[in-house]
Amino acid sequence: MLIIMRRQATDEEIKAVVNAIQAMGYSAHSIPGSTRTAIGVTGNNGPVDQNLIESLPGVVQTMRVTKPYKLVSRETKPDDTIVEVDGIQIGGRELVVIAGPCSAESRNQIVEAAEAVKAAGASVLRGGAFKPRTSPYSFQGSAEQALKWLAEAREVTGLPVVTEVIDVESAILTEKYADILQIGARNMQNFVLLTHVAKSRKPVLLKRGPAATLEELLNAAEYLLSGGNYQVILCERGIRTFSDFSRNTLDLGLVPAAKELSHLPVITDPSHGTGRRGMVLPLARASVAAGADGVMVEVHPDPERALSDGFQSLYPQQFTQLMNDLRQMAPVVGRTLSR
Ligand code: PEP
Ligand code: MN
């Protein structure tokens, strides 16, 4: 249920409604907006006593949210959510470009990559420390050592860091080093992990599972919001189809669809979405044209020697080209991309 408060409702009135909800044994989520303040109610299995709520001072009306995902839906929050990390806004007018290697492989590799993507204009550094790999024989990541290298790359460049967490243990460790916690495609429906990360104060980059529907993605995000973490970014990273030239099929239609149903920022990952270096730039451009709030791409100083995903990693100069292209496109779609 959604409770709409008077535009000028006081903090005391809002607090009183929150207390009343909690006294019923439910959770209350305050949702400030440009035209109204609302309070989302979750945790109720049946209808909430509407009359009682509507009799409280400051309440205008109560509404049922029809979608299964409540807090994630635009019904609940018409205004776009802007996720803030280190002064960077994700989901605002400025496009966000997250770049870096698939894996943080060594101190020098990640610092070199960070300097290159920073010079080209990236605003967030990526790099995996815990790698969920298809084969048990593939490089599994350098774990905490890699988190330390990433933290050093942030020191050197000032770029905030996003890196993947694969279970509760890695999430506890990663929270100490990273600025954004990534939940990878394979873990989109790892509900234990989602529930844990929901309690974190760090923003979450949630990637769509390779066979997940939009509704499943939004329900996964609902685990995060209902658990108290409202700083969530959705990421389309390609799905499994019969098309086999590319590793996955980047489902660009998901971008406007997710934006219609949800207020959360949406970015794409054309690197994992295609698996082919040559397709990353065109699909990054297409993502921005489709309304994405940004892209995440893999860039490696020496892709031939990468320990993972070298085939899809851009050379630094290709990344510079990508940034130049997006910078030219940005005004056409009403966005900006600063240097
Ligand atoms: C990644 O971003 O490093 C990654 C493993 O991506 P995905 O979870 O989308 O496969
Ligand atoms: Mn990768």
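Order of listing sets the numbers, starting from 1, for every ligand and every atom in it. Note that the structure is predicted; figures quoted are calculated from it, not measured.
Below 4.0 Å from some heavy atom of E164 lie the following atoms of ligand 1, by number and element: 4 (C), 5 (C). Atoms of ligand 1 lying under 4.0 Å from at least one heavy atom of G184, given by number and element, are 8 (O). With ligand atoms numbered from 1 in the order given, ligand 1 contributes 7 (P), 8 (O), 9 (O) to contacts under 4.0 Å with heavy atoms of A185.
Under a 4.0 Å heavy-atom criterion, R208 is not in contact with ligand 1.
Shortest contact from atom 4 (C) of ligand 1 to any protein heavy atom: H272 NE2, 3.5 Å.
Between M329 and R285, the shortest heavy-atom distance links the atoms CE-O, 3.2 Å.
Between Y230 and H29, the ring planes lie perpendicular to each other; the angle is over 60°, past the 30° to 60° tilted range.
Between the side chain of N190 and the backbone N or O of L193, at least one donor-acceptor pair lies under 3.5 Å. Looking only at distances, no side-chain donor or acceptor of R6 sits under 3.5 Å from a matching main-chain atom of T37.
Looking at heavy atoms from C-beta onward, R208 lies in side-chain contact with L254 at the 4.5 angstrom threshold. Taking 4.5 Å as the limit, every side-chain heavy atom of K259 sits out of range of all side-chain heavy atoms of L264.
Using a 4.0 Å cut-off between charged side-chain N and carboxylate O, E152 and R107 make a salt bridge. Using a 4.0 Å cut-off between charged side-chain N and carboxylate O, D309 and R247 make a salt bridge.
Residue nearest to atom 6 (O) of ligand 1, selected from K131, R237, K207, R186: K207 (by heavy-atom distance).
Protein atoms of type N, O or S found under 2.8 Å from the Mn ion (ligand 2) total 4.
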